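Notes follow once the structure below has been shown.
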Amino acid sequence: MTSLELFDETLDINSTENYELAIQASPGGFAFCLLDTLRNKIVLVRSSEPETGKYFNSETIKEFVSKDDFLARPYRKTRIVLPSPKITLVPAPLFDPAKKDEYFSLNLGKDNNFDILSNRTPDPDMFIVFGVPVSIHEVIRSLYPVVHPYVHLVPLLHNIEGRRSAHGSYIHIHIEKEFFNLIIFRDNQLQFCNTFRHRSFTDILYYVLNAFGKLGINREEAICMSGLCEKQDDLSSALAEYIPDIRYAVPKGNFSFSYVFGEISLHRFINLFSVFNCG
């Protein structure tokens, strides 16, 4: 298991009523961070990722929460991100809350191992219907019963919102442990948003280049990347042979970061940080 902890010297476990908490939990990892609302500064991040080929389950997530002193404290507000590869998009004018299970099963098939949830995004104005493993959702509900979780695509789209252009394309690749999202806006309109499973960087490269060919994306376009990727890793190096202009997403919002966060690649936690902008 790979673990990370960074914290600012101003962090105070007895002042959490002035902090906001963000949690991200999935079989691919568990992380949380704290926003000091008095200073508008993110002052702590802790994360754990399973070893290659292994995954966290509901008991692992429950153990993380129960054993962490900070997660036992009260907070001004709590937000939860549940990354999911099982996503379908429904335009807001067509959405009926009573039919969310039907939307899901129509596109992704019926699966009793998943609870079906939904979030609304204002721009584009649509509902994201997504599936969460029942066992993980039950743990999250038992620990945070009044918090309605966000799927990771909500903070991701919020982060993208200020980067799009009224003219031209914006291309974003977000990578999780076992899946990735490819999102393309053209002239400020959502043209493509899909989720693909992957086992290696060659799978990602195949799906991305195939989509680019069908959509007419040329070599001069820039790609913005986030999630589990790094500069000069196998994926970035392979993509650069086809699309030379590769950039890495930076969290944005009404907050800053402690200087200690200079030690990490902020794009890895883009959704955890960006969820502070949601709701």
Side-chain angles (χ1 to χ4, degrees), residues 21-32 50 55-62 64-65 77-161 172 174-183 190 192-198 207 226-228 270-272 274-279:
L21 168 67
I23 295 173
Q24 181 167 292
S26 75
F30 180 87
F32 75 93
Y55 298 89
F56 292 156
N57 57 31
S58 57
E59 290 303 312
T60 314
I61 292 170
K62 188 174 182 179
F64 281 134
V65 175
K77 189 166 186 176
T78 297
R79 298 172 177 86
I80 297 173
V81 181
L82 300 179
S84 173
K86 292 183 173 289
I87 292 172
T88 190
L89 310 179
V90 182
L94 303 179
F95 183 77
D96 180 350
K99 295 182 178 180
K100 70 179 190 311
D101 288 18
E102 294 180 38
Y103 301 137
F104 184 89
S105 60
L106 178 65
N107 289 280
L108 299 166
K110 187 175 178 60
D111 192 332
N112 293 329
N113 295 315
F114 287 82
D115 283 340
I116 312 306
L117 308 176
S118 66
N119 298 143
R120 187 171 187 171
T121 62
D123 187 11
D125 188 12
M126 64 184 180
F127 281 85
I128 304 173
V129 180
F130 62 103
V132 178
V134 171
S135 58
I136 290 179
H137 189 217
E138 286 179 348
V139 167
I140 294 298
R141 282 191 301 179
S142 68
L143 296 169
Y144 303 97
V146 300
V147 180
H148 184 75
Y150 293 100
V151 70
H152 71 284
L153 200 56
V154 173
L156 183 61
L157 286 171
H158 196 290
N159 184 271
I160 290 172
E161 185 177 339
H172 197 110
H174 176 77
I175 301 172
E176 294 286 342
K177 183 178 175 66
E178 59 179 6
F179 69 91
F180 76 97
N181 298 108
L182 175 60
I183 302 169
L190 182 62
F192 187 89
C193 181
N194 209 345
T195 305
F196 303 90
R197 296 275 186 174
H198 69 84
Y207 286 120
S226 62
L228 303 182
I270 191 78
N271 299 320
L272 182 67
S274 296
V275 77
F276 286 120
N277 299 316
C278 302

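When a residue number appears, it is its place in the shown sequence, counting from 1. All figures in this text were calculated on a predicted structure; none of them were measured in a lab. Hydrogens, waters and symmetry mates play no part in the numbers below; they use all other heavy atoms, side chains included.
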TODO: Could you go through the side-chain contact (heavy atoms from CB on, under 4.5 Å) check for I116 and Y103 one step at a time?
DONE: CA-CA 10 Å; I116 312 306; Y103 301 137; over 6 Å; no
- [ ] Fit a plane to each ring of Y207 and F180, take the angle between them on a 0 to 90° scale, and name the class: parallel (under 30°), tilted (30 to 60°) or perpendicular (over 60°).
- [x] tilted
Open item on the list: Taking the six-membered ring for Trp, are F64 and F56 closer than 6.0 Å centroid to centroid?
Closed with: yes
- [ ] Decide yes or no for V129 and T88: does some side-chain heavy atom of the first lie under 4.5 Å from some side-chain heavy atom of the second?
- [x] yes
TODO: Taking H158 for its side chain and T121 for its backbone only, find out whether a donor-acceptor pair lies under 3.5 Å.
DONE: no
- [ ] Evaluate the criterion side-chain contact (heavy atoms from CB on, under 4.5 Å) for residue pair I183 and L190; output intermediate values, then yes/no.
- [x] CA-CA 8 Å; I183 302 169; L190 182 62; 3.9 Å; yes
Task: Aromatic F104 / basic K86 pairing, under 6.0 angstrom, 45° off normal - done: no
Task: Side chains of V132 and P149 in contact at under 4.5 Å (non-hydrogen atoms) - done: no
Open item on the list: Would I87 and H152 count as a side-chain contact (heavy atoms from CB on, under 4.5 Å) here? Give the steps.
Closed with: CA-CA 10 Å; I87 292 172; H152 71 284; 3.7 Å; yes
TODO: Check side-chain hydrogen bond (donor to acceptor under 3.5 Å, both in side chains) between S274 and all other residues, then give those that pass, not counting sequence neighbours.
DONE: N159
Could you pull out all donor-acceptor pairs under 3.5 Å where a side-chain atom in residues 136-147 meets a protein atom, sequence neighbours excluded?
from, atom 1, to, atom 2, distance (Å)
H137, ND1, D115, OD2, 2.8
S142, OG, E138, O, 3.3
S142, OG, V139, O, 2.7

Open item on the list: Quick check on side-chain contact (heavy atoms from CB on, under 4.5 Å): which of I128, N119, N271, I160 does L153 satisfy it with?
Closed with: I128
Open item on the list: Under the criterion side-chain contact (heavy atoms from CB on, under 4.5 Å), I'd like the reasoning laid out for R120 against F95: C-alpha separation, chi angles, the key distance, then a yes or no.
Closed with: CA-CA 10 Å; R120 187 171 187 171; F95 183 77; over 6 Å; no
